[in-house]
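Counting starts at 1 for both ligands and their atoms, following the listed order. Note that the structure is predicted; figures quoted are calculated from it, not measured.
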Amino acid sequence: MTATELPPSLIPTLPGSSYTDPLVFALEQEKIFERMWFCAVRASDVDRPGRFQTVQVGRESVLVSRSRDGGVKAFLNICRHRGARLCTEESGEVKRAFQCPYHAWTYGLDGKLIAAPNLTSMPDIDRTAYGLLPVHVREWLGYVWVCLAEEPPSFEDHVVAAATERLGDAAAIERYQVGELAVGRRIRYEVKANWKLIVENFMECYHCATIHPELTEVLPEFADGYAAQYYVGHGAEFAGEVRGFTVDGSEGADRIPTISEDQDRRYYAITVKPQVFINLVPDHVIVHRMYPLAADHTVVDCDWLFLPGVVESGHDVSRSVELFHRVNVQDFEACERCQPAMDSRAYRSGGVLVPSEHHIAAFHEWVGDQLRG
Ligand code: FES
Ligand SMILES: [Fe+2]
């Protein structure tokens with residue numbers, strides 16, 4: 001070891017350009033977001049045939065809808081005629097078919113080309129060859145996950161395994177019945193920061209004592225700065241006087257009845273690479289979906305999910321929502337504070353990770369492996 005090498009308690013981060021270079025971002029879109037399973041929409045947002053949502057996945061717009069047989073379908077949101085974007089709205093509902101606003105080619109909910117002006121006078125056209133291009137779909141935890149790869153990676157090994165590895169038990173996440181919960185609140189955050197800064201921030205708790213006063217009141221071990229959430233099977237315990245995972249420690253909503261004793265009064269966080277965070281507490285589940293739109297721009301949709309009865313009864317969930325909403329705002333402000341500096345000469349060769357952040361290096365390695373792959 002030479003004198004100029006970093007001491008072992010500090011290890012390097014990625015260089016600043018990884019967070020700002022449009023070429024790096026384009027490569028991430030191609031090799032990460034367009035290859036891996038991507039959490040696209042809440043299934044209940046496409047609960048009837050014809051209801052649809054459009055989402056940006058890598059460089060593509062993807063149309064997610066429900067067909068007549070009740071199954072969820074996803075397609076590239078591109079008309080096969082001259083390439084117009086088929087659905088321009090972020091969400092909506094059609095009766096029977098999607099009609100292109102340009103020359104009115106019309107596609108069934110299953111993606112088949114069913115009509116086009118003068119189609120009968122073009123008898124040589126094989127309609128089946130001009131349907132919308134399908135995208136792979138899976139449903140898990142009540143979300144529709146899509147994959148643009150021709151051969152998708154194993155959903156079990158890449159998505160489900162993240163929860164199993166983190167919680168140490170395949171059944172642990174099932175006990176929260178995430179697929180059955182209802183959306184009590186959704187907040188969209190426009191974050192002027194690179195998606196990797198958001199992931200890195202979520203993975204560490206070194207910042208918790210500095211920027212999360214409300215969260216560390218509820219979860220005192222977070223004040224120590226160690227990412228307790230990343231020890232396999234360990235959930236951060238609520239403070240003794242706290243009654244619920246709320247902004248003031250007051251009672252929350254009805255507890256999810258199927259969770260185990262050791263899941264009660266604890267908070268678990270899971271990162272599902274590349275763009276999902278799952279937060280589990282006894283009475284609700286918070287799911288973050290990131291949509292990376294540019295090297296310095298990420299949209300984050302955050303859902304607060306409660307038992308359906310809680311939402312239907314009109315129970316006031318605002319104190320539950322407020323706690324993690326504040327955490328989100330505090331986290332995203334921190335990421336936005338870092339983003340402009342990524343371009344500075346001061347950060348040309350990056351910064352450092354302290355020991356409680358060392359696991360972030362594994363994320364950096366993972367990103368590097370994907371980009372080289
Ligand atoms: S581009 Fe869609 S019908 Fe012509
Ligand atoms: Fe945080």
Is a side-chain donor or acceptor of [X] paired with a backbone partner of [Y] at a separation under 3.5 angstrom?
| X | Y | result |
| --- | --- | --- |
| H136 | E150 | yes |
| E336 | K192 | yes |
| D301 | R289 | no |

Pair [X] + [Y], salt bridge at N-O below 4.0 Å:
| X | Y | result |
| --- | --- | --- |
| K196 | E200 | no |
| D45 | R186 | yes |
| E93 | R66 | no |

Any N/O/S atom from D331 (main chain or side chain) under 2.8 Å of the Fe ion (ligand 2)? yes

Angle at atom 4 (Fe) of ligand 1, ND1 of H103 to ND1 of H81, rounded to 10 degrees, please. 90°

Considering only heavy atoms of [X], which atoms of ligand 1 have at least one such atom less than 4.0 Å away?
| X | value |
| --- | --- |
| W105 | 3 (S) |
| A84 | 1 (S) |
| C79 | 1 (S), 2 (Fe), 3 (S) |
| C100 | 1 (S), 2 (Fe), 3 (S) |

In this structure, the Fe ion (ligand 2) sits at the vertex of an angle between NE2 of H207 and NE2 of H212 that rounds to 10° as 100°

Heavy-atom count around R175 CZ within 6.0 Å, excluding the residue itself: above 12? yes

How far is atom 1 (S) of ligand 1 from its nearest protein heavy atom, and which residue and atom is that? R82 N, 3.3 Å

When you look for heavy atoms under 4.0 Å from ligand 1, do you find them on the side chain of A104, its backbone, both, or neither? backbone

